[in-house]
A.B. asks: 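Here it is, the structure, as structure tokens.
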Amino acid sequence: MPRVGRMENAIIETSGLTKQYGNGVLAVDSLGMSVRRGEVYGFLGPNGAGKTTALRMLVGLIRPTSGSARVVGRAPGDPGGLGKIGSLIEAPGFYPYLSGRENLEVVADLGGADRERVEAVLDIVELTARAERKFGAYSTGMKQRLGVAAALLKDPELLILDEPTNGLDPQGMVEMRKLIKELGRGERTVLLSTHLLGEVEQICDRVGVIRQGKLITESTVEELQGDEGVLIRAEPADRARDLLVRIFGPEAVSRQDNSLLLKTDPAHSLDINRRLMAEGIGVSELRPFKRSLEDVFFRLTGERQGS
Amino acid sequence: MTGAVKAEWRKNTRRPAFLVVAGLVAGITVLTYAIDYYQALHPTAGEVAQGIAPLLKLELSPAQFVNNIIGAVFPLGAAMAIVLGALAMGSEYSWATLKTMLTQRPGRLTALAGRLIAFQAWMLVLTVLLFGLAAASSIVIALMGGLGVEWPSLIDVARGVGAAWLVLALYGTFGMALGVVFRQAAVALGAGLIYLVILQEIVTRFIGAVNGGQYQGVTRWFDGPNVQSLIESFTSTAFRPSAPPAVTPVQAATVICAYLVVCTVALAVIMKRRDVA
């Protein structure tokens, strides 16, 4: 259930945020994004789109070339702000010679978190039983979970997760998504960077799509997918189109490949079929239609897998 | 700040490299005393002829333990400090732990200050270990060899510990700065050791030779000659007759402190300003 609009004030606000590296590569280009308090925001883009660079700027790891950002009301990297942010940027970084618990204790000391939180977050990510093992001996999934645990130590207002399901097996991905969903409940804001569309569809309230460093769009998943409709394949197609335009108006009818796309409630399908048949138009296909996020994403980013 | 120091101290005391170096310091100290004692008991014909055989034994006595052990600080101890410093900072890049460290509550400089304090505390631990084992070895030798058990004054011991700690602190911080500059441990410790063992020697020799030694005075401002002079200031000429140190102990300590400040400031500036990729 989307919670958009519940809390309109932004916890992250960027304006013209730009990062150009010394070699001329423009990693992030005038990024203007707004993440509202309490929502799960999907930061979606293909690999190399600039997602991680943008997140690094938000937590103060790298400085922007130009533009500005406010994160939890502070400048990126400000100690007051960092105390309210939990983050997992790219691969989790821990000391291989320390156990999972010892690593969390080190992070807790650095972040000023209570030692009691260590047990609590180990429990949340279900690592208590393996907390004594050295981090270097952890599997990829366990490392990712420890990374999330570290991000939760400060019980942060804002949780920034950069591709947290990277490298996980299917079961691990399902568990991680379930965990992120749970973490996003309540007042906590989650900024989830990913290139996996299913992840965004399952978890996020709103989404920002980035391509080549630029934010292309920012809206709810539903808005991105557009209205529901009915897909019709009929012969002759021109007559079918004319009829539908007469009934529903020109703005409701569009062509999609060899089919017609009619913006209307799919519950009208039976009636539409009867009207077409009554005019002597053959209908070979008639089904409810909703754009997948994948379609929208590829339309927006201009990328198509396998093409 | 307290949290940062606590976290860094915890990392140091668990880190295998730090523990191995402490073990090496302990082992080398005891072994050196044992071998020196054996040599003192079995002097060469030349040593007997020159009349220095009794001195070899006296050098190992408790009264001389500060003068004796401080020689281990340079270049051996300095090299170990460079290795530890380079590992302490360089590994943070290869393990990607720097971003974990810098995205916690303390700011960059506070986090770095915590690290420096914990690191220098470990250098002090190594120094105390070195002096403690030297003192223990000397008393064992004194008891075995029938030497008198006389200790140097507490002031001399404190001066010795302070000088040794200062040298280790300098080269440890130098190693840390290299670790940050190169963003990895291997190149940093390689560069640091090359500088310590070879490069500085070549440069000072070259400067000393230019224009018939006209610029010889410049070499007195390099770290190596100053550290060497500081250490030699502890050595009694009765045991090791040599030319007086090139610079006074006060100047040597001042120059080493200045280098320590320069390395620390450079480290802080780079950490504060540079992006963490």
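A note on names: the letters A, B, ... follow the listed sequences, proteins ahead of strands, and every chain is numbered from 1.
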A.B. asks: With a 4.5 Å heavy-atom cut-off, do B/D275 and A/K19 have their side chains touching?
C.D. replies: yes

A.B. asks: Does any part of the side chain of A/E102, heavy atoms only, come nearer than 4.5 Å to the side chain of B/K11, both counted from C-beta?
C.D. replies: no

A.B. asks: Is the closest side-chain heavy-atom distance between B/Q104 and A/L82 below 4.5 Å?
C.D. replies: no

A.B. asks: I'd like to verify something: which residue of A/T52, A/L61, A/L153 has the highest number of heavy-atom pairs under 4.5 Å with chain B?
C.D. replies: A/L61

A.B. asks: Is B/R10 atom CZ crowded by more than 12 heavy atoms from other residues, nucleotides or ligands, each under 6.0 Å away?
C.D. replies: yes

A.B. asks: For B/F206, look at atom CZ and say whether over 12 heavy atoms of other residues, nucleotides or ligands are found less than 6.0 Å away.
C.D. replies: no

A.B. asks: May I ask you to check whether A/Y97 and B/W95 place their ring centres under 6.0 Å from each other?
C.D. replies: yes

A.B. asks: Which bit of A/R56 is near chain B, if near means a heavy-atom gap under 4.5 Å: side chain, backbone, both or neither?
C.D. replies: side chain

A.B. asks: Which pair of heavy atoms, one from A/F94 and one from B/T100, lies closest together, and at what distance?
C.D. replies: CE2-CG2, 4.5 Å

A.B. asks: Does A/E119 CD have over 12 foreign heavy atoms under 6.0 Å away?
C.D. replies: yes

A.B. asks: What residue, out of B/G107, B/P106, B/A4, has the most heavy-atom pairs lying under 4.5 Å from chain A?
C.D. replies: B/P106

A.B. asks: Looking only at heavy atoms and a cut-off of under 4.5 Å, which of A/V59, A/T53, A/V107, A/L88 has the most pairs with chain B?
C.D. replies: A/V107

A.B. asks: I need the A/R63 CZ to B/R274 CZ distance, nearest 0.5 Å.
C.D. replies: 12.5 Å

A.B. asks: Given side chains that start at C-beta, do those of A/L110 and B/R105 come closer than 4.5 Å, heavy atoms only?
C.D. replies: no

A.B. asks: With respect to chain B, which residue among A/N103, A/I62, A/D78 yields the maximal number of heavy-atom pairs within a distance under 4.5 Å?
C.D. replies: A/I62

A.B. asks: If we only count heavy atoms from C-beta on, is the A/I85 to B/T103 side-chain gap below 4.5 Å?
C.D. replies: no

A.B. asks: For chain A, find which of B/M1, B/K6, B/E8 contributes the most heavy-atom pairs closer than 4.5 angstrom.
C.D. replies: B/K6

A.B. asks: Decide if atom CH2 of B/W165 counts as having more than 12 heavy atoms of other residues, nucleotides or ligands within a radius under 6.0 Å.
C.D. replies: no

A.B. asks: Give, as side chain, backbone, both or neither, the part of B/M101 having an atom under 4.5 angstrom from any heavy atom of chain A.
C.D. replies: both

A.B. asks: Using heavy-atom distances under 4.5 Å, tell me whether A/K154 contacts chain B through its side chain, its backbone, both, or neither.
C.D. replies: side chain

A.B. asks: When you compare the side chain of B/E92 with that of A/Y95, does any pair of heavy atoms fall below 4.5 Å?
C.D. replies: yes

